[in-house]
Trainee: 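Have a look at this one before I ask anything.
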Amino acid sequence: MSILVIAEHVKGELKGATLATIAAAQQLGDQIDVLVAGSDCAEGADQAAKAAGVTRVLVAENAAYDHLLAENTALLIAELAKDYSHVLAPATTNGKNVLPRAAALLDVQAISDVSAVISEDTFQRPIYAGNIIATVQTSDPIKMLTVRTTAFDPVPAEGGSATVEKLDSVHQTDLSEYKGEEVAKSDRPELTAAGVIISGGRGMQNGDNFEMLYRIADKLGAAVGASRAAVDAGFVSNDMQVGQTGKIVAPDLYIAVGISGAIQHLAGMKDSKVIVAINKDPDAPIFQVADYGLVADLFKALPELEAAL
Amino acid sequence: MKILVAVKRVADYNVKVRPKSDHSGPDLANVKMAINPFCEIAVEEAVRLKEQGIATEVVAVSLGPQAAQEQIRTALALGADRGILVQTDVALEPLGVAKCLKALCDKENPDLVLLGKQAIDGDNNQTGQMLAALTGYAQATFASQITVGEGQLEVIREVDGGLQTIAIKLPAIVTSDLRLNEPRYASLPNIMKAKKKPIDSTTPEELGVDVAPRTQLLKAELPPERKAGIKVEDVAQLVDKLKNEAKVIS
């Protein structure tokens, strides 16, 4: 087995999602190469080489692959994939954008959101918003997967000593052009990397009230999330959304505040280690998955919680 | 501008689908079927572009059993002009769907193909990207805003970190995210009118596409159940439990 992992890196920093994807790759074999593509990728490549379990780091340093623009990057992946039994990318928006495109170029049916590796050709993945876990077997010669990163414990970021090789091939299609990004600026950790998350739902009533969550988050070193109901109501921006169609998270501690617990939200957070629910409705479905439930008015409970921490 | 929009027949989003008792697949007996919500958003976007005078024709395509005609009728009632059903009883995978859509693109020559970012049954999130690969067109997935320019589109995409803007050349493939628009309800007169709009029927074989599945579903089971924990009396007890029992805060 030889496995190619598509790395995700931002401004020279290798994302944790890549380390979790390498962990999934380790369950398939021990020849693991990591592709780092884009301009300014020296640092990302360096970090990938240090990650545990990596054999080789392939560096495609070219602006054509910046932001993993799908049209160019898929051509590169398809070119490299022929030498591998498996190609894995994290199931991030970048991974989901580029990997299926590369798979179709190779006439391969990709497998999305793999949550467990059963064997070299058999995988588990959630379907129907996580209501069903499907075990699927593929007959394609190259297995192309996106990996649900919360389902795999990331490999250590240090301890490896992979060789680094430069790739020369450049695929520049000019079909698409990156114009810019509106990234939420915050000193708090990223949702998908946070050990503690506190999320608000429709019960927060408006965006200003999220200030209460931010204050508690700062005391806990937590990230702040939201339910789809809170995002759709315009309280906060979409990048904070936790759920089947938002971010999938699995922190050590997840605190759901004023969230009823719709299926779509539960699908995004129910793998958290400890779940706390604060809701004034004792029958809210969120209590069915909560380790600790507090039936209370959040406008009374949150200031108390802030004071107690 | 001619727009092709793909719609999928799926279990209604309000239904909690469970595995069959023999674990052979999802239990869809007597389940209400509907148009996939993301596909509905794609149809709405296409119709809005037509209403703005940007699109000249909107063609709705569905692939699946004969009954998928119902979802094409839904798209026609929302404002699509005509429909195409690619009829098959094979359980199609994204690659097979993308190949059929590619064959239709060769016939219809659309400037823009709109799809949902994923279907809420298989949750694959692949078909648009695969169609883009097979046609060699540019792609914009997870679109939350589309602005049509001269020979190109500017698309705002919902990515992990926030919102990303890209410009893509036409013809192009765009997949819709939740916040692209809010689909209208079809009015009764439009539902009646939709019954008279034409739907052509073809098959993967007629399109020259092999849709034999590459993957096999070995088992469909319930996810591990999470047990409900305890109710705490107040914030003080909650903090105590988190510190001393769960040991997740210090």
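To find a chain, count down the sequence lines: A is the first, B the second, and so on, and within it residues start at 1. Just so it is clear, the structure is predicted and the values come from calculations on it, not from any experiment.
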Trainee: Donor-acceptor pair, B:Asp160 side chain versus A:Thr93 backbone, under 3.5 Å?
Mentor: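 Answer holds: yes.
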Trainee: Apply salt bridge (charged side-chain N to carboxylate O under 4.0 Å, His left out) to B:Asp123 and A:Arg125, showing your working.
Mentor: CA-CA 10 Å; B:Asp123 282 334; A:Arg125 57 181 302 265; over 6 Å; no
Trainee: Quick one: what part of B:Leu217 sits under 4.5 Å from any heavy atom of chain A, side chain, backbone, both or neither?
Mentor: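 For B:Leu217, the contact with chain A is made by backbone and side chain together.
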Trainee: So, are A:Asp107 and B:Lys99 salt-bridged, with charged N and O less than 4.0 Å apart?
Mentor: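 A salt bridge links A:Asp107 with B:Lys99.
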Trainee: Using side chain to side chain contact (heavy atoms under 4.5 Å, CB included) as the criterion, list what pairs up with B:Glu44, not counting sequence neighbours.
Mentor: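 Expected list: B:Arg48, B:Asn181, B:Pro183, B:Arg184.
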Trainee: Are B:Thr141 and A:Asn97 close enough that a side-chain donor and a side-chain acceptor fall under 3.5 Å?
Mentor: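 Yes, side-chain donor-acceptor contact under 3.5 Å.
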Trainee: How close do A:Leu253 and B:Leu242 get, heavy atom to heavy atom, and via which atoms?
Mentor: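 Heavy-atom minimum between the residues: CD1-CD2, 4.0 Å.
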Trainee: Can you tell which part of B:Arg157 gets under 4.5 Å to a heavy atom of chain A, answering side chain, backbone, both or neither?
Mentor: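 Just its side chain gets close to chain A.
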Trainee: Which heavy atom of A:Ser272 sits nearest to which heavy atom of B:Arg226, and what is that distance?
Mentor: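 Taking A:Ser272 first and B:Arg226 second, the nearest heavy atoms are O-NH1, 2.6 Å.
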Trainee: Minimum heavy-atom separation for A:Leu309 to B:Ile249, with atom names?
Mentor: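 Smallest interatomic distance, heavy atoms only, reads CD2-CD1, 3.7 Å.
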Trainee: Ring of A:Phe287, cation from B:Lys231 - is the NZ or CZ under 6.0 Å from the centre and inside 45° of the axis?
Mentor: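 Flagged: B:Lys231 positioned over aromatic ring of A:Phe287.
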Trainee: Does the side chain of A:Leu69 come within less than 4.5 Å of B:Ile166's, by heavy atoms?
Mentor: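 Result yes, sub-4.5 Å side-chain heavy-atom pair found.
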Trainee: If you count heavy-atom pairs under 4.5 Å between each of A:Val136, A:Thr92, A:Asp140 and chain B, which one has the most?
Mentor: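 That would be A:Asp140.
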Trainee: Quick check for you: to the nearest 0.5 Å, what is the distance between B:Asn124 atom CG and A:Lys96 atom NZ?
Mentor: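 B:Asn124 atom CG to A:Lys96 atom NZ measures 11.0 Å (nearest 0.5 Å).
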Trainee: If you count heavy-atom pairs within less than 4.5 Å of chain A, which of B:Lys219, B:Lys241, B:Gln118 leads?
Mentor: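 Sorted descending by pairs with chain A, the first entry is B:Lys219.
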Trainee: Heavy-atom distance under 4.5 Å between the side chains of A:Ile278 and B:Val235, does that happen here?
Mentor: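 A side-chain contact is absent here, since even the closest heavy-atom pair is not under 4.5 Å.
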Trainee: Under the side-chain contact (heavy atoms from CB on, under 4.5 Å) rule, what do B:Val248 and A:Lys273 come out as? Steps first, then yes or no, please.
Mentor: CA-CA 9 Å; B:Val248 284; A:Lys273 293 204 176 65; 5.9 Å; no
Trainee: Residues of residues 225-232 of chain A under 4.5 Å from chain B (heavy atom pairs)?
Mentor: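 Interface residues of residues 225-232 of chain A: A:Arg228, A:Val231, A:Asp232.
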Trainee: Below 4.5 Å from any heavy atom of chain A, which atoms of B:Lys243 appear? Answer side chain, backbone, both or neither.
Mentor: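 For B:Lys243, the contact with chain A is made by the side chain alone.
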Trainee: Quick one: does A:Glu71's side chain have a donor or acceptor within less than 3.5 Å of a partner on B:Gln139's backbone?
Mentor: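 Yes; judged by distance alone, with no hydrogens or angles, the pair exists.
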Trainee: Could you check if a side-chain atom of A:Ser176 sits within less than 4.5 angstrom of a side-chain atom of B:Lys169, using non-hydrogen atoms only?
Mentor: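 No, too far: nothing below the 4.5 Å cut-off.
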Trainee: Determine the minimum heavy-atom distance between B:Glu245 and A:Tyr292, stating which atoms define it.
Mentor: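 That closest heavy-atom pairing would be OE1-OH, 2.5 Å.
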Trainee: Regarding B:Gln164 and A:Glu182, is there a side-chain donor-to-acceptor distance under 3.5 Å anywhere?
Mentor: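 No pair is found: no donor N or O on one side chain lies under 3.5 Å from an acceptor on the other.
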Trainee: Under a 3.5 Å threshold, yes or no: a donor from one side chain and an acceptor from the other, between B:Arg214 and A:Gln137?
Mentor: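 Short answer, no.
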Trainee: Would you call B:Glu221 and A:Gln124 a side-chain contact if the rule is heavy atoms closer than 4.5 Å?
Mentor: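 Touching, per the 4.5 Å side-chain cut-off.
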Trainee: I want to check something: taking the side chain as every heavy atom from C-beta on, are B:Gln126 and A:Leu99 in contact at a cut-off of under 4.5 Å?
Mentor: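 Sidechains of A:Leu99 and B:Gln126: no contact.
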Trainee: Measuring heavy-atom distances to chain A, does B:Tyr13 have an atom under 4.5 Å in its side chain, in its backbone, in both, or in neither?
Mentor: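 For B:Tyr13, no heavy atom lies under 4.5 Å from chain A.
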Trainee: State, to 0.1 Å, how close A:Ala110 and B:Met130 come at their nearest heavy-atom pair, and which atoms those are.
Mentor: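 Here A:Ala110 and B:Met130 meet closest at N-CE, 3.8 Å.
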